[in-house]
Amino acid sequence: MSFFPQGASTLAGKVDVLFLFVLAVCVFFSLLICGSIIYFSIKYREGHEVDRAKPPSGSPLLELTWSGIPLLISIGIFGWAALLYVNEYQAPADAMQIYVVGKQWMWKLQHPSGRREINNLHVPLGRPVKLLLTSQDVIHSFFVPAFRIKQDALPGRYTSLWFQPTQLGQFHLFCAEYCGTNHSFMGGWITVMRPADYQRWLHEDERKPSMAAAGEKLFLSYGCSGCHGLNSRVQAPPLEGVYGHQVPLDKKQFVVADDAYIRDSILLPEAQIVAGYRPIMPSYKGRISEDELLQIIEYIKSLGTTGAGPAGTSENSRVPVAVQNGEEVKRNLFPAAGKASSPKQ
Ligand code: CUA
């Protein structure tokens, strides 16, 4: 039993310094206030001879001081903590992504390579890892004390957090949100490995297709390719290079095509219609599982994220080319607002 949990991520030290600072402020003021109470109780106790002639009746300077100093300290703590918080939820661009689905009562994790785990997560040492979390039933919370990270996994939403391990070894993973009977058993281990060992571990199970490959299969089997495929005759926005880019919606609004947007487009397709397209896509709500959604997202991601500038805003954007009736048809990712072009023009 140790007083402090191990610190095994780049965030741990920073959180500890803040925690110790807050603790020091509390201890200092507790001692100051308790000490003063005891000192004055003894000095001015009944029957003790002291000078009680001129009790102080007010001092603006004193009052400003005892309001001003705590104000500055609390604003300082707020700013410091806010910086750490913002940092904890904004993963670096080169972070590797791992998908997490919470369910009563286990954590299901999947690596983009396709390898799956339950209640265990293997990660390489020294690399930033971003987790994308969701839940398929109730609210759970992904908590790794040694990394000083905690994030809720919410049904119907994606949340994320990131960490960079600084120590090899195994670290406890908990569910930190009461989620039913076996909540206390919903936990496991994070195993931090040497990068080479991690690569070996990742490819031990070669039979598993990568998440993107599994997603492509689903893309075909759910019939998505019938409309979004390059050779489809139905007019639907093509998905090549869309991930991570701005998508124009009607009414001159834009939205970034991130994980949450793709998820919403599959489950609530009428909520955000791409400019120039008709709301003809059926909802897949209730027909597709959380794991499958993540695989499809990984597939769409694999179709490319690097276009020239935000997609659809310049002539240089990636414009997929389809072959139809022997002719090359340029499929404009985003038909000019107003005139919806048909692939058969
Ligand atoms: Cu899941 Cu508590």
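From a predicted model like this one, the values you see are computed outputs, not experimental measurements.
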Would you confirm whether [X], through its side chain, and [Y], through its main-chain N or O, come within 3.5 Å as a donor-acceptor pair?
{"X": "E117", "Y": "H122", "result": "yes"}
{"X": "T134", "Y": "L154", "result": "yes"}
{"X": "Q90", "Y": "N87", "result": "no"}
{"X": "N182", "Y": "F185", "result": "no"}

Is the H172-W189 ring centre distance short of 6.0 angstrom?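 Yes, ring centres under 6.0 Å apart.
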Pair D259-Y243, side-chain hydrogen bond (donor to acceptor under 3.5 Å, both in side chains): steps then yes or no: CA-CA 8 Å; D259 309 271; Y243 187 86; 2.9 Å; yes
Can you list the steps and then say if W162 with Y89 is a ring pair (Phe, Tyr, Trp, His ring centres under 6.0 Å)? CA-CA 7 Å; W162 75 279; Y89 292 96; over 10 Å; no
Aromatic ring pairing W107/H140, orientation class (parallel under 30°, perpendicular over 60°, tilted between):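 Rings of W107 and H140: perpendicular, over 60°.
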Geometric class of the W201/Y198 ring pair [parallel <30°, tilted 30-60°, perpendicular >60°]: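 It falls in the parallel class, under 30°.
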In Å and rounded to the nearest 0.5 Å, what is the CG to OG distance from D258 to S160?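 One gets 10.0 Å once the value is rounded to the nearest 0.5 Å.
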Given side chains that start at C-beta, do those of Q295 and K217 come closer than 4.5 Å, heavy atoms only?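 Answer no - side chains too far apart.
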Contact between K130 and F163 at the side-chain level, heavy atoms closer than 4.5 Å - yes or no?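 Sidechains of F163 and K130: no contact.
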Do V15 and V17 share a hydrophobic cluster (ILVMFWY, side-chain heavy atoms under 4.5 Å, transitive)?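 Yes; V17 is reachable from V15 via cluster members.
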State yes or no: do F143 and L18 share one hydrophobic cluster built from I, L, V, M, F, W and Y residues joined by side-chain heavy-atom distances below 4.5 Å, directly or via other members?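 Different clusters.
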R263 NZ/CZ over Y158 ring centroid, <6.0 Å and within 45° of normal: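 Yes, a cation-pi geometry.
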Are side-chain N/O atoms of Q136 and K108 paired as donor and acceptor at under 3.5 Å?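 There is such a pair between these side chains.
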Would you check if there is a donor-acceptor pair between the side chains of Q170 and T191 at a distance under 3.5 Å?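 Present: a donor and an acceptor within the cut-off.
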When you look at CZ of F29, are more than 12 heavy atoms from neighbouring residues, nucleotides or ligands closer to it than 6.0 Å?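 Atom CZ in F29 is crowded, with more than 12 foreign heavy atoms closer than 6.0 Å.
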